[in-house]
Amino acid sequence: MDESKEDIRVRLDRQAQTLFFSVTCDFEQFPQLAARLCQCLDLQVVAQEWGADRHQWLVEFEGTRLWLHFESYSTSCWLSCQQPQDMDVLQYLQTLWESQQ
C-alpha cells in the first residue's frame, strides 16, 4: 500500500452519522490501513469482523464505541457512530486527522 496519510481525505456526514475516508486499497490491504488509521486517531480495536467483501472493526475512542467499515467493491472506508450524541466524537476525529496533515 503506497498511500500516505496525506493522500487520505476525510468528510463528515452528519445526517449519516459517518466520517468517510477517501482511500485506495483492496480487501487484503485494509487491515494495514485500519491499523494506521487507528494509530493516528488513537482508536483502540475491540473486535474485528469480516466477510466476503467487507471488514467491520469495533473501535473505541475515550469510551465511545464506533464502527470502522471497509467495503471492497466500492473501496469505501468510514467510521460510524450508533448514537447521535457521538457525532461530536466523529467531528473531533475529523479535526484530529486534518491537524496531522
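Excluded from the calculations below are hydrogen atoms, water molecules and symmetry mates; all remaining heavy atoms, backbone and side chain alike, are included. The shown structure was predicted, so the numbers you read here are calculated from the model rather than taken from an experiment.
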*Within a strict 4.5 Å, meaning less than it, do heavy atoms of the Gln29 and Phe70 side chains meet?*
no
_I'd like to check Ser76 versus His69 (side-chain heavy atoms, cut-off strictly below 4.5 Å). Are they in contact?_
no
*Close side-chain approach of Leu66 and Leu93, heavy atoms under 4.5 Å*: yes
*asked:* Side chains of Glu62 and Val89, heavy atoms from C-beta outward: is any pair under 4.5 Å?
replied: no
*Approximate separation, where rounding is to 0.5 Å, of Gln83 CD and Asp88 CG*: 13.0 Å
*Quick one: does Leu33's side chain get under 4.5 Å of Phe30's, heavy atoms only?*
yes
_Where Cys81 and Leu90 come nearest, the two heavy atoms and their spacing_ = SG-CD1, 3.8 Å
*Taking atom types as modelled and ignoring hydrogens, do the side chains of Gln91 and Arg14 form a donor-acceptor contact shorter than 3.5 angstrom?*
yes
*asked:* Checking side-chain contact (heavy atoms from CB on, under 4.5 Å) between Phe61 and each of Leu41, Leu79, Asp86, Leu43, which is the one that passes?
replied: Leu43
*Does His55 use its side chain to pair, donor to acceptor, with the backbone of Phe27 at less than 3.5 Å?*
yes
*Output yes when a side-chain donor or acceptor of Ser22 lies under 3.5 Å from a complementary backbone atom of Arg9, and no otherwise.*
yes
_Any donor-acceptor pair under 3.5 Å from Trp97 side chain to Ile8 backbone_ = yes
*Gln39 atom CD, over 12 foreign heavy atoms within 6.0 Å*: no
